[in-house]
Amino acid sequence: MMVGRYGRILVRFWKNSLIREMTFRGHFFVQVVGEILWVAMILLFIRVIYMQTSSIRGWSEYQYLFLTGTHLLVTSLFETFFFSNCWRVSELVRTGNLDFVLLRPASAQFLLSVEKVDFTALANVPVAAGLCIWAATKEGVTVTPGRIGLYVLVIGFSVTLLYALLFMFATTSVWFVRQTGLQSIWFYVVSLARYPSEIYQRFAGGILWFALVFVVPVLLVSNVPANVVVRELDYRFVGYLGLMACVMLMLSTAVFRFAMKWYRSASS
Amino acid sequence: MRKYASVFRIALADRLVYRGDFFLSTFLHFVPIITTILLWDAIFKGSGRETLGDLGYKEMVSYYLLVMIARVFGSMPRLASGIGTDVREGGLRKYLLQPIDFVGYLLAWRVAHKLIFMMMAIVPYTIVFWVCRDYLPDWPGITTFLLYVVSLSFSFLLGFSINCLIGMFSFWFLEVASFLHLFMTVQYFLSGHMFPLSLLPDGVRDVIVWLPFAYETYYPTTIFLKQLPAGEALRIIAVQATWVGLIWVGIRLAWSRGVRRYAAFGG
């Protein structure tokens, strides 16, 4: 009953987003071309790197490409379903329009988190999946249905974790109306999580690595799923990522509820 | 000249309003550099070589730091898209009605913004460069340094002209923003912002040197990094000046034809 109602809301939101996107079709296609071009640049960079060496802290070229594909997959899924929603939270707080969401007879966090779908980012998903399949084949990985299932599950954990972290950050705009934007925070998360986590271990006695794995665990989101398929499958990290995703998700709800006590509408 | 000085003064005041979290965001600019440096550390270790694409490890770190300086001069956020908005929404008419040259106005405004940015950025940049001092090349001598500064000024002019010309496209294509996104991506690679162009195979590099983008970032940076002899530095500056001149002609042509097409939409 409850699930059915929220399911219907979700379908309605997605339909609206699709209609909005298809109103500006030309823009959509240029955006998609731009994204593909960006992926091509990254692949070129990786080729240039591996012209110099055959291994980066134990990652071969195809393993690295698989990591890049996985990173693109995770970040695109997050951007598709959650980025513009998280971004909108701080905007709604600033303008006071959050009132209209809070008044509705459904979970405010749910309504805020799923209203918009970014179909441009969704177009990256097949590109990312293609890159992963190609890299895994070249690497000569034996893929079993179990591995694929586990990979999909871990990707789910990663997207959940990113959602929880970014939503929490967006919620803080109740206290800091003008803050360094969500956009730049997301940019830094993406640039940090893109690389093999091993490269951080030797910097500043491993403090940075520790912080990015255990305090703000953004390094896990691409590295753990990539390791599941093309490198060693370490169940401890898989379990840890799953745990972090659940903990952060619950924390995001708690922070949101707490923040709403402080929310004072703007203007009249 | 006096009216451009006024534009300059207004832009100075405008820029100082937003000094709030400027320092934090400037430090954050260096975060991707840290990861890039860690990546190159791993690449050097993996390759077992002393130099990659004619740069040693320390030079590679310096390269990325110096690229940040070149970007301070050459990057033009919202210049092209701003022109696009003025053309699309009819805001251009307020410049057409005044006895002022639109491109001159934009230039004066941009110079003021850049100067303020530099004055404010000098503290965080000095801190970062001081922390990284062991990686940086030795003092190159006053001649090379002056040539470096001249070359950086041309990076500014080159960045300005390229973005201005792209903005002028909006007379013909009403939405330049999405095109701009494609352009920025390609420029990130072609200018040497992504990695030093000396890492590329000769064939690819031979093509890239015929484009203006490498003269925005890569070549000015090598003047300081490689302590190029004066003759070589002057050759780079001459090419920069040529590109600025050529693109400037393009801007004038686009402007004179574009304004005739301009319809001044809006109320």
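These numbers come from the heavy atoms of this one structure, side chains and all, not from hydrogens, waters or symmetry mates. What you see is a predicted model; the values in this text were computed from it and never measured. So that the names make sense, note that chain A is the first sequence line, chain B the second, and so on, each numbered from 1.
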* Is any side-chain heavy atom of A:Y200 closer than 4.5 Å to a side-chain heavy atom of B:T35? ->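 Side-chain contact under 4.5 Å: yes.
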* **pair B:D41-A:R57: side-chain heavy atoms closer than 4.5 Å** =>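 Contact flag for B:D41/A:R57 side chains = yes.
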State the [atom1]-[atom2] distance between [X] and [Y], to the nearest 0.5 angstrom.
{"X": "A:Q201", "Y": "B:L38", "atom1": "CD", "atom2": "CG", "answer": "11.0 Å"}
{"X": "A:I56", "Y": "B:W40", "atom1": "CD1", "atom2": "CH2", "answer": "8.5 Å"}
{"X": "A:S191", "Y": "B:I34", "atom1": "OG", "atom2": "CD1", "answer": "11.0 Å"}
{"X": "A:T53", "Y": "B:R49", "atom1": "OG1", "atom2": "CZ", "answer": "8.5 Å"}
{"X": "A:I42", "Y": "B:M194", "atom1": "CD1", "atom2": "CE", "answer": "5.5 Å"}
{"X": "A:I199", "Y": "B:L39", "atom1": "CD1", "atom2": "CG", "answer": "5.0 Å"}

* **B:Y188, part contacting chain A, at a heavy-atom distance under 4.5 Å** =>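 The side chain, not the backbone.
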Among [options], which has the most heavy-atom pairs under 4.5 Å with chain B?
{"options": "A:E35, A:R47, A:Q52", "answer": "A:Q52"}
{"options": "A:F187, A:F45, A:W59, A:W38", "answer": "A:F45"}
{"options": "A:V48, A:L208, A:V33", "answer": "A:V48"}

If you count the non-hydrogen atoms of other residues, nucleotides and ligands that lie under 6.0 Å from [atom1] in [X], is the total more than 12?
{"X": "A:F28", "atom1": "CZ", "value": "yes"}
{"X": "B:M184", "atom1": "CE", "value": "no"}
{"X": "B:R257", "atom1": "CZ", "value": "no"}
{"X": "A:F237", "atom1": "CZ", "value": "no"}
{"X": "B:R71", "atom1": "CZ", "value": "yes"}

